[in-house]
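See structure below.
Since the structure is predicted, the reported quantities are computational estimates derived from the model, not experimental observations. Here is the naming used below: chain letters follow the sequence lines, and residue numbers restart at 1 for every chain.
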Amino acid sequence: MQQYISQLNEAQREPVLQKEGPMIIIAGAGSGKTRVLTLRIAYLMHQGVDAFNILSLTFTNKAAREMKNRIADIVGASEAKNLWMGTFHSIFAKILRSEADKLGYPSNFTIYDSQDSLRAISGIIKEMQLDKDIYKPKQILGRISSFKNSLITVKAYFNDPDLQEADAMAKRPRMGEIYQAYVDRCFKSGAMDFDDLLLKTNELLTRFPEVLARYQNRFRYILVDEYQDTNHSQYLIVRALSDKFQNICVVGDDAQSIYAFRGANINNILNFQKDYQGVQTYRLEQNYRSTRNIVEAANTVMDHNKTKLDKVVWTANDFGPKIKVHRSLTDAEEGRFVASTIFEQKMQHQLNNGHFAILYRTNAQSRAMEDALRKRDIPYRIYGGLSFYQRKEIKDVLCYLRLVINPKDEEALVRVINYPARGIGDTTIEKLTVAANHYKRSIFEIMQNIDRIDLKLNSGTKQKLQDFVTMIQSFQVINENQDAFYLTDHVSKKTGLVQELKKDATPEGMAKIQNIEELLNGIKDFTEGQKEVDGARGSLSEFLEDVALATDLDKDTSDEDRVALMTIHLAKGLEFPHVFVVGMEEDLFPSAMSMSTRSELEEERRLFYVALTRAEHQAYLTYAQSRYRWGKLTDSEPSRFIEEIDGQYLEYLTPAETNYRFKPMVDKDIFGDVDKSKLRLSKPVSSTPPKYITDNQPKPEAAIRKLKPVSSQASSGATNLFDNQLTAGNIVMHERFGRGQVINLEGAGADKKAEIKFEVGGIKKLLLRFAKLEVIG
DNA sequence: CCAATACAGGGGGCT
DNA sequence: CCTGTATTGG
């Protein structure tokens, strides 16, 4: 333990050593906050705190998983096992499931994603016969979401004349009714949306003091990462839970608050000192990630914001190359610049694709980048956008599965009841919905009793409805006897989904079938992992919950070497040696929608700060003079953010448009001052010793590991002990299965599996990610 | 009453 | 460009 702590600098060490009481860590970009959080938890456990009593809330599940792995390395896997770590949403979804009956929900409640919510709202607006141009579903949903995040229930809404007045002014006097109808509809469907997971947790903790007391006593030590991006609802949960013991440690950086648009309240971090008695404040200001050029340039950007905490980020790193600014004529050309620069840099400096990231403001910008990268044969991976699970064909399968778990789930039902087409059209669904509302039952229940209700349906339609019910019920039987993989395979065939897709012989159609196969693989992995964790069969409902709350980042597809493409929002917390921030244009970044108020513009600026500080060595800012937006070519001006950077940190490439493509983008010796060891070249081309890497520096591998956490090339101190050390022939000891011998290894990274022959129980395939193995020979 | 095709309108970041 | 709605044909 001591050896880990001694590797910290003083500012990092203090918060690790403070065991009790409220504390806030203001952590600048790249200052090693994850390290501090990790060690703080490990040290708590080292001092005898039971893992059971620690709650750690992170921003992504991936971050939680990585931290847990690191902690396991320090204190041991069996100790770390009981830690509660995860996002607000996933942790409280778990708690809500076990307490659901108190709130009148079934414990198998569905979690609606924003697509489901939007469809529900659209349906309500249609049923109420309102004009969807005035009652725009997206805006309505956004408003309901902000109500929920501020704990304004329907009742509270109708008790607040100001709110109603505001909606009346916006020509939406029936807002409250829609809110009511939406809440009713979700409740009737046994469903919670994302905001409900927090809202209902608050309801649980306020309405049931004994429940609150139970969780207060359980979570004696609470840690919250990315505190600047918590909303009011999350804030109240944290306050309530930490109220008894006051052992609350929050970490954040006001300069990186980028989620105000979805209700994050920057005041939560700005006012923390007022909220608790005797708050200790710590500041991590030394940046270990980026060159001095980048750190100082980013600081000059933030100087333009008025609202901020007093903090100076500095670094002892080398100056490094200047930030390169590039202009092109069109977005396509911008893409070509990026692709050819990556190509040349890879050649000249023997870099991997994984050293590069392309960050943009909006997902739509990825297309031009993709085209260019494809032409250069540069492998890439897009993060975010339409996530895998949101794709139509996948969501269709998932909705059938959701119905199996919770037949009341109305959004799932209306989505798949007539897909593939089985002759149940809008009119029939309309009749069913009316009946469901009348009898205050779910549509599925109406369908089950279709013979007892006169809905003026003709007998053919009735039969079709009954067939559908019978089909779902047969799936439910299978679900009781088989694992999720078998069921999903069965469902995709029996419903005719796969058949329907096979009709489409286009490449897109083929891709859809492949996607379903990928889903099946994912479920297979999951069920095996679950078997490993619980000793139970892989439960479908847990899989669905994982899926509903998964981020695209959470999915470790492979450890292939690829350029990363993602929005800046998604890049928060990540780092890359080379970063391209593309589309640096007015109206795009800053976004046209956020230039009306100062605070919105400041948020955009913080977003730019986040983008810049992702870069370890080289940042590029690129913009196009015109680009295709909404199918039309539109002119644009360079972003004001470029000008806001002090000129001394910039190098304008401004090449002659005609031939820039054929020239090297950058001078050969531009990287002369770069410490090659920090780039983690696979084959070092330079023998320059690492000048500025000292003992308390985070290891440079961290950068790569963040992208590919279980990279097979991880060096000493690898996060996953077994990933690298296990070979065929090893004798291993397993917690439950006992002694066994490794027969074979397959897969890589997160999917790496070992085939092990156990003395008792025979041959099993275990995902190394989950398996608790000890190598004994 | 449902399915297939033509056409118009709208498009931000995410759990 | 993609989705949601109007139209027309079965």
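- Remark: A:K126, A:K132 in residues 121-141 of chain A come within less than 4.0 Å of DNA chain C through at least one heavy atom.
- Checked against ring pair (Phe, Tyr, Trp, His ring centres under 6.0 Å), A:H232 has the following partners two or more places apart in sequence or in another chain: A:Y235.
- The stacking criteria are not both satisfied for A:Y259 over the base of B:dG13, which would need a centre-to-centre distance under 5.5 angstrom and an angle between ring planes under 30 degrees.
- In this structure, the CG atom of A:L570 is 6 Å from the P atom of B:dC14, given to the nearest Å.
- Residue A:R361 is classed as a base contact, given a heavy-atom separation below 4.0 Å to a base.
- Sorted by first then second residue, the salt bridge (charged side-chain N to carboxylate O under 4.0 Å, His left out) pairs that include residues 589-614 of chain A, not counting sequence neighbours, are A:R361-A:E604, A:R598-A:E602, A:E603-A:R606, A:R605-A:E644.
- At the phosphate of B:dC14, OP1 or OP2 sits under 4.0 Å from a side-chain N or O atom of A:N363.
- Residue A:E600 is classed as having no contact, given no heavy-atom separation below 4.0 Å to the nucleic acid.
- Under the side-chain hydrogen bond (donor to acceptor under 3.5 Å, both in side chains) criterion, A:Y419 pairs with no residue at all, not counting sequence neighbours.
- Rounded to whole Å, the distance from CD on A:E603 to C1' on B:dG13 is 9 Å.
- To the nearest angstrom, C1' of B:dC14 lies 8 Å from CZ of A:F59.
- A ring-centre distance under 6.0 Å is not found for A:F641 and A:H304.
- Computed from coordinates, the A:D193 CG to B:dC14 C1' distance equals 14 Å when rounded to whole Å.
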Expected string for nucleotides 1-6 of chain B under the B/S/- scheme (protein heavy atoms, under 4.0 Å, primed atoms plus P, OP1, OP2 as sugar-phosphate) is SSS---

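- Contact annotation: A:T567 reaches the phosphate of B:dC14 (side-chain N/O to OP1 or OP2, under 4.0 Å).
- At whole-Å resolution of the value, OH in A:Y235 and P in B:dT15 are 25 Å apart.
- In this view, A:D409 and A:T110, A:Y112, A:R402 satisfy the side-chain hydrogen bond (donor to acceptor under 3.5 Å, both in side chains) rule, not counting sequence neighbours.
- Relative to the side chain of A:S591, the nucleotides B:dG12, C:dC1, B:dC14 differ in distance, and B:dG12 lies closest.
- In this structure, A:R119 places its CZ atom 11 Å from C1' of C:dG4, rounding to the nearest Å.
- With rounding to whole Å, A:Y383 atom OH is found 17 Å from B:dC14 atom C1'.
- Scanning for side-chain contact (heavy atoms from CB on, under 4.5 Å) contacts around A:V547 gives A:Y389, A:L398, A:F543, with sequence neighbours left out.
- For A:R367, whose side chain is taken as the heavy atoms from C-beta onward, the closest listed nucleotide among B:dG12, B:dC14, C:dC2 is C:dC2.
- Going from atom CG of A:D116 over to atom P of B:dC14 covers 18 Å, rounded to whole Å.
- For the 3.5 Å distance criterion, the side chains of A:Q466 and A:D451 qualify, holding a donor opposite an acceptor.
- Among residues two or more places apart in sequence or in another chain, the ring pair (Phe, Tyr, Trp, His ring centres under 6.0 Å) test is passed with A:Y609 by none.
- Scanning atom types as modelled, no donor and acceptor separated by under 3.5 angstrom connect the side chain of A:Q365 and the base of B:dG12.
- Identified under the salt bridge (charged side-chain N to carboxylate O under 4.0 Å, His left out) test for residues 135-149 of chain A, with sequence neighbours left out: A:R143-A:D167, A:K148-A:D193, A:K148-A:D196.
- Taking the six-membered ring for Trp and the full ring otherwise, A:F59 and A:Y259 have centroids separated by under 6.0 Å.
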